[in-house]
Amino acid sequence: MWSAGRGRAAGAALLGLLLALSVPGSGAAKPGAGLVTCGSVLKLFNTQHRVRLHSHDVKYGSGSGQQSVTGVEASDDANSYWRIRSGSEGGCPRGSPVRCGQAVRLTHVLTGKNLHTHHFPSPLSNNQEVSAFGEDGEGDDLDLWTVRCSGKHWEREAAVRFQHVGTSVFLSVTGEQYGSPIRGQHEVHGMPSANTHNTWKAMEGIFIKPSVDAAAGHDEL
């Protein structure tokens, strides 16, 4: 069912993550410290099934054959880090708070591929397959996800949803688990309706300090 690739970008991406730890302006700082900002690296936690969004250099053996995306219970797995990036050129300056209703890309740090979905059935539940796609952060328009939340900005303590721009499905987990070679990992897929299976919270990560304009309440347009 599965095939593994070589993960050529993993070493460089991991180095980038470690360097980000020492970048001035990273980490929590007030005002605005409770906001998720563009450029931040974080883990996403499904509040219903209590797993973190995860990917790795293992490809689906059916459907698209692209890199698989799963949910894992472990909190310390480096393959669960995602970088918040712009959904359009110049649309997500570093340190600007992510707005509710804004389209973003979620780039897997260790492999450089973007969270992606398309009209393939998922392997276990027959919902819509979610994969990781592209090279070094470059993919296509099916990598865009709208952040659905209440209020003005994505708050780190708030549960949010991710709705795919191209197909309108929500990033979801419903509990199905894989066997070998990724035994116990949960299937991640797209579902057509908003429900308890598709709420996520920002967890462990490196959060870029909000910009001065953002702290003053200025919107980045």
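None of these values were measured; they are calculated from a predicted model.
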Distance, nearest 0.5 Å, that separates CG of Leu171 from CG of Leu106: 8.0 Å
With a 3.5 Å distance limit and no angle check, can you tell me whether Glu73 reaches the backbone of Gly184 through a side-chain donor-acceptor pair? no
Can you tell if the side chain of Val160 reaches within under 4.5 Å of the side chain of Val36, non-hydrogen atoms only? no
CA sep, side-chain torsions, deciding dist, call: Lys201, Glu157, side-chain contact (heavy atoms from CB on, under 4.5 Å): CA-CA 7 Å; Lys201 287 183 68 174; Glu157 295 300 316; 4.1 Å; yes
Would you call the rings of Phe162 and Trp154 parallel, tilted or perpendicular, taking 30° and 60° as the class edges? perpendicular
Would you say the side chain of Val72 lies within less than 4.5 Å of the side chain of Val51, judging by non-hydrogen atoms? no
Would a distance-only check, ignoring hydrogens and angles, find a side-chain to backbone donor-acceptor pair under 3.5 Å from Gln163 to Ser168? yes
Contact summary for Ala74 and Arg52, nearest pair of heavy atoms: O-CD, 3.6 Å
Hydrophobic cluster identity match, Leu42 and Phe45, side-chain contacts under 4.5 Å: no
State whether the side chain of Asn79 and the backbone N or O of Asp77 hold a donor-acceptor pair below 3.5 Å, judged by distance alone. no
Using the rule given for side-chain contact (heavy atoms from CB on, under 4.5 Å), can you reason through Thr70 versus His56, listing the C-alpha separation, both sets of side-chain angles and the distance that settles it, and then say yes or no? CA-CA 9 Å; Thr70 63; His56 39 221; 3.8 Å; yes
Does the side-chain contact (heavy atoms from CB on, under 4.5 Å) test come out yes or no for Glu155 and Leu35, once each step is laid out? CA-CA 4 Å; Glu155 298 180 4; Leu35 302 179; 3.9 Å; yes
Please check if the side chain of Trp82 supplies one atom and the backbone of Leu44 the other of a donor-acceptor pair under 3.5 Å. no
For Leu144 and Gly87, the nearest pair of non-hydrogen atoms, with its separation, is CD2-O, 3.4 Å
Write down the atom of Pro93, the atom of Cys38, and the distance for their closest heavy-atom approach. O-CB, 3.3 Å
Any side-chain to backbone donor/acceptor pair from Ser122 onto Asn127? Under 3.5 Å, distance only. yes
Sequence neighbours excluded, which residues qualify as salt bridge (charged side-chain N to carboxylate O under 4.0 Å, His left out) partners of Arg105? none
Strictly by modelled atom types, are Glu204 and Ser75 linked by a side-chain donor-acceptor pair under 3.5 Å? no
Does the side chain of Ile206 come within less than 4.5 Å of Tyr81's, by heavy atoms? no
Look at the side-chain heavy atoms of Ile, Leu, Val, Met, Phe, Trp and Tyr, link any pair under 4.5 Å apart, and say whether Phe133 and Tyr60 land in one connected group. no
Within 6.0 Å of CD in Gln177, more than 12 heavy atoms from elsewhere: yes
Heavy-atom nearest pair, Ala103 first then Val165, reads CB-CG2, 4.2 Å
Does the side chain of His189 come under 3.5 Å of the side chain of Ser172 through a donor N or O and an acceptor N or O? no
Short question: side chain of Asn195, backbone of His197 - any donor-acceptor pair under 3.5 Å? yes
Side-chain touch Val173/Trp200, heavy atoms, less than 4.5 angstrom: yes
Check whether Ser68 reaches the backbone of Val58 with its side chain - one donor and one acceptor, N or O, closer than 3.5 Å. yes
Are any side-chain N or O atoms of Lys113 and backbone N or O atoms of Gly134, one a donor and one an acceptor, separated by less than 3.5 Å? yes
Qualifying residue, where the test is side chain to side chain contact (heavy atoms under 4.5 Å, CB included) with Leu115 and the options are Asp143, Val130, Val104, Leu142: Val130
List the atom of Gln66, the atom of Ala132, and the distance in Å for their closest heavy-atom pair. CB-O, 4.1 Å
Atom CG of Asn46 and atom CE of Met203: how far apart are they, to the nearest 0.5 Å? 11.5 Å
In Å and rounded to the nearest 0.5 Å, what is the OG1 to NE2 distance from Thr117 to His164? 5.5 Å
Hey, what do you get for OG (Ser86) to CZ (Arg94), rounding to the nearest 0.5 Å? 14.5 Å
With a 3.5 Å distance limit and no angle check, can you tell me whether Arg85 reaches the backbone of Gly137 through a side-chain donor-acceptor pair? yes
Here's one to test your reading of the geometry: is the NZ or CZ of Arg148 within 45 degrees of the ring axis of Phe170 and under 6.0 Å from its centre? no
Is the shortest side-chain heavy-atom distance between Tyr178 and Leu124 below 4.5 Å? yes
Side-chain (Thr37) to main-chain (Ile208) donor-acceptor, under 3.5 angstrom: yes
Taking every non-hydrogen atom, the tightest pair across Glu129 and Gly63: OE1-CA, 3.7 Å
Ser80 versus His54: any side-chain heavy-atom pair under 4.5 Å? yes
The single option from Thr146, Asn198, Thr199 passing side chain to side chain donor-acceptor pair (under 3.5 Å) against Arg161: Asn198
If we ignore angles and hydrogens, is there a donor and acceptor under 3.5 Å between the side chains of Glu176 and Ser125? no
